[in-house]
Amino acid sequence: MAVAQRFGAEHRVLVTGGAGFVPSHLVDALVARGCTVVAVDNFITGSKDNVAHLADHPRFTLVEADVSDGLPSHHPAMTEPFDAIMHLASPASPTDFASIPIEILRVGSLATLHLLDRAVTDRARFILASTSEAYGDPQVHPQVETYWGNVNPVGVRSVYDEAKRFAEASTMAYHRYHGLDVGIVRIFNTYGPRMRPDDGRAIPTFITQALRGESLTVHGTGTQTRSICYVDDLVRGILLLLDSTETGPINCGTEHEVTMRELAETIVALTGSESNITYVTRTADDPEMRRPDLTLARERLGYQPTISPQEGLRRTIEHFSHRLG
Ligand code: NAD
């Protein structure tokens, strides 16, 4: 089914975490549609560089603030109501789980409640960026939205998984209790330009290692799988959810599943690197396999990813080689 565009020129959209990897691509797409976009970020894992090209844009404002403390209501960009509030702020890489765990818990919980309250006041559509991590180490494959997951509530990853599960629960409670217009997207592994080279996620790590001629460090035996989605496809999916009246949760990503070993080999081949592959200890609770069931996204949103892994990886490698000089 086709979803008609609901948000465009004349609409004000708040994007939390707007200077981050995925959110900055979303900001670009919203600005291109004619929306007025306010991005709020405390730069804990994002960078002003990701939105520097919009610095002088008349329909874009970047506000520095920690959304876990609530929105800075005194800021001129905050006074008018928003038509949509899209909550994407959250550190998301495994290295962050150990180094900034409390910040992750706060942005998934306190910030979500603050933003939901603002959405009720403004009568805005509220979009929550949730995650495939909500399924934990899944015992159902591929993961369908009706599966409740297998999460270790006290493990190292729990700060992220459980904060997102709390955020989902809060979003649904506001929907039921306040009648708030909400949409939850469960995002699967996404990659592309503007990822941090040192963020600990497999693709930027492998690309950086390959470009530097270092060994690619694959965790465990490399047989664990992920489905990898190029950021433009994901942003298309998030916009379809925004325009729809679907509540979700709805999975978004691709069904193209690769083992970590295959991914490392592909990156070595695409970079033309002479790097070899070494195997290192696997992190705790690392999911064994992950692939979304995209039936709901296809049926309700008409979502279909279009960018092949070869093309997406080629574009990402080009970006990284430019950035790493
Ligand atoms: P990212 O770290 O690049 O972006 C997150 C942004 O949020 C950063 O700019 C960061 O500075 C900002 N932020 C964090 N805490 C904040 C706070 N308290 N106040 C204001 N700003 C804050 O990460 P990303 O990969 O682009 O992820 C974006 C969103 O998508 C996250 O919510 C993440 O959970 C979700 N997600 C991403 C993936 C993926 O594969 N990239 C997968 C699943 C879910």
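Just so it is clear, the structure is predicted and the values come from calculations on it, not from any experiment. Both ligands and their constituent atoms are indexed starting at 1 by order of listing.
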S.K.: For atom 34 (O) of ligand 1, grab the closest protein heavy atom and report residue, atom and distance to one decimal in Å.
M.R.: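 Looking only at protein heavy atoms, the one closest to atom 34 (O) of ligand 1 is Y160 OH, 2.5 Å.
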S.K.: Could you check whether any side-chain heavy atom of F320 comes within less than 4.5 Å of a side-chain heavy atom of P197, counting everything from C-beta outward?
M.R.: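 F320 vs P197: side chains touch.
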S.K.: What I want to find out is whether E103 reaches R106 closely enough, with some N-O distance under 4.0 Å, to be called a salt bridge.
M.R.: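 Salt bridge between E103 and R106, a charged N being under 4.0 Å from a carboxylate O: no.
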S.K.: Can you tell which of L234, I203, I44 gets a heavy atom nearest to atom 14 (C) of ligand 1?
M.R.: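 The residue whose heavy atom sits nearest atom 14 (C) of ligand 1 is I44.
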S.K.: Side chain or backbone, does G46 bring an N or O within less than 3.5 Å of an N or O on ligand 1?
M.R.: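 Yes - when backbone and side-chain N and O of G46 are compared with those of ligand 1, one distance drops under 3.5 Å.
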S.K.: Starting from atom 18 (N) of ligand 1, which protein heavy atom do you reach first, and at what distance in Å?
M.R.: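 Here the closest protein heavy atom is D66 OD1, 2.8 Å.
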S.K.: Should you measure from each heavy atom of F43, which atoms of ligand 1 turn up under 4.0 Å away?
M.R.: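 Checking each atom against F43, I get 11 (O).
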S.K.: Identify the closest protein heavy atom to atom 11 (O) of ligand 1: which residue and atom is it, and at what distance?
M.R.: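 Protein heavy atom with the smallest distance to atom 11 (O) of ligand 1: D41 OD1, 2.6 Å.
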S.K.: Within ligand 1, which atoms have a heavy atom of V22 less than 4.0 Å away?
M.R.: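 Once the distances to V22 are compared, the set is 26 (O), 41 (N).
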S.K.: Hey, does F43 have a side-chain heavy atom less than 4.5 Å from the side chain of K48?
M.R.: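 Yes; the side chains approach each other to less than 4.5 Å.
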S.K.: Does the side chain of L30 reach to within under 4.5 Å of the side chain of H11, using non-hydrogen atoms?
M.R.: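 No; the side chains remain at least 4.5 Å from each other.
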S.K.: Polar contacts were defined as any N/O atom of the residue lying under 3.5 Å from an N/O atom of the ligand; does this apply to T190 and ligand 1?
M.R.: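 Between T190 and ligand 1 (N or O atoms, distance only) the closest approach is under 3.5 Å.
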S.K.: I'd like to check which ligand 1 atoms, numbered from 1 as shown, lie under 4.0 Å from a non-hydrogen atom of N189.
M.R.: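 With N189 as reference, the close atoms of ligand 1 come out as 40 (O).
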S.K.: Would you indicate whether the side-chain heavy atoms of H57 and V31 approach each other to under 4.5 Å?
M.R.: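 Yes; the side chains approach each other to less than 4.5 Å.
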S.K.: To check your reading of the model: name the closest protein heavy atom to atom 2 (O) of ligand 1, its residue, and the distance in Å.
M.R.: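 Closest protein heavy atom to atom 2 (O) of ligand 1: T45 OG1, 2.6 Å.
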S.K.: Are the charged groups of E257 and R290 less than 4.0 angstrom apart, N to O?
M.R.: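 No.
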S.K.: Identify the closest protein heavy atom to atom 6 (C) of ligand 1: which residue and atom is it, and at what distance?
M.R.: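 The closest heavy atom on the protein side is G17 O, 3.5 Å.
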S.K.: For R6, is there any backbone N or O sitting under 3.5 Å from a side-chain donor or acceptor partner on D243?
M.R.: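 The answer is yes, because a donor-acceptor pair under 3.5 Å joins these two groups.
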S.K.: Counting only heavy atoms, tell me which of N42, L110, L26, I100 gets closest to atom 22 (C) of ligand 1.
M.R.: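 The option holding the nearest heavy atom is N42.
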S.K.: Quick check: do E133 and K164 have side-chain heavy atoms less than 4.5 Å from each other?
M.R.: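 No, side chains not in contact.
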S.K.: Which protein non-hydrogen atom lies closest to atom 42 (C) of ligand 1, naming both residue and atom, and how far is it?
M.R.: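 For atom 42 (C) of ligand 1, the nearest protein heavy atom comes out as I187 CG2, 3.5 Å.
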S.K.: Should I184 and Y147 be counted in the same cluster of Ile, Leu, Val, Met, Phe, Trp and Tyr side chains packed under 4.5 Å apart?
M.R.: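 No, I184 does not connect to Y147 through the hydrophobic network.
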S.K.: Run the numbers for me: atoms of ligand 1, each under 4.0 Å from some heavy atom of A65, listed by number.
M.R.: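 Counting from 1, the qualifying ligand atoms are 19 (N), 20 (C).
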S.K.: With a cutoff of 4.0 Å, is V107 in contact with ligand 1, counting heavy atoms of the residue only?
M.R.: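 Under 4.0 Å: yes for V107.
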S.K.: Decide whether a cation-pi geometry holds between R12 and F82; the criteria are a distance under 6.0 Å from NZ or CZ to the six-membered ring centre and an angle within 45° of the ring axis.
M.R.: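 Relative to the ring axis of F82, which defines the angle, R12 lies inside both limits.
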S.K.: Taking V140's backbone N and O only, do any of them form a donor-acceptor pair with Q143's side chain (distance below 3.5 Å, no angle check)?
M.R.: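 Flag set: sc Q143 to bb V140 pair under 3.5 Å.
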S.K.: Could you identify the single nearest non-hydrogen protein atom to atom 19 (N) of ligand 1 and state the distance to 0.1 Å?
M.R.: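 Here the nearest protein heavy atom works out to V67 N, 3.0 Å.
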S.K.: Mark up the atoms of ligand 1 that fall under 4.0 Å of a heavy atom belonging to A19, in ascending order.
M.R.: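 In order of number, 9 (O).
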S.K.: Students often mix this up, so state it plainly: with edges at 30° and 60°, are the rings of H87 and F126 parallel, tilted or perpendicular?
M.R.: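 Because their plane-to-plane angle lies in the 30° to 60° range, the rings of H87 and F126 count as tilted.
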S.K.: Between D96 and R196, does at least one N-O distance fall below 4.0 Å, as a salt bridge requires?
M.R.: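 Yes, D96 and R196 are salt-bridged.
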S.K.: Hey, which atoms in ligand 1 end up nearer than 4.0 Å to a heavy atom of L88?
M.R.: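 Answer for ligand 1: 28 (C), 29 (C), 31 (C), 32 (O).
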S.K.: What residue and atom, counting heavy atoms only, is the protein's closest point to atom 39 (C) of ligand 1, and at what distance?
M.R.: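 Answer, as residue, atom name and distance: R201 NH1, 3.4 Å.
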S.K.: As an exercise, identify every atom of ligand 1 less than 4.0 angstrom from a heavy atom of K164.
M.R.: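 Contacts of ligand 1 toward K164, numbered from 1: 31 (C), 32 (O), 33 (C), 34 (O).
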S.K.: Just to check, does S93 reach to within less than 4.0 Å of ligand 1 when the distance is taken from its heavy atoms?
M.R.: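 Under 4.0 Å: no for S93.
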S.K.: Are side-chain heavy atoms of T223 and R261 found at a separation under 4.5 Å?
M.R.: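 Side-chain contact under 4.5 Å: yes.
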S.K.: Could you list the atoms of ligand 1 found under 4.0 angstrom from a heavy atom of G20?
M.R.: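 Every atom of ligand 1 under 4.0 Å from some heavy atom of G20: 3 (O), 4 (O), 6 (C), 8 (C), 9 (O).
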S.K.: So is P91 close enough to ligand 1, meaning a heavy atom under 4.0 angstrom away?
M.R.: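 It does, in that a heavy atom of P91 comes within the 4.0 Å cut-off of ligand 1.
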S.K.: If you measure from each heavy atom of S130 to ligand 1, is any distance below 4.0 Å?
M.R.: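 S130: in contact with ligand 1 (<4.0 Å).
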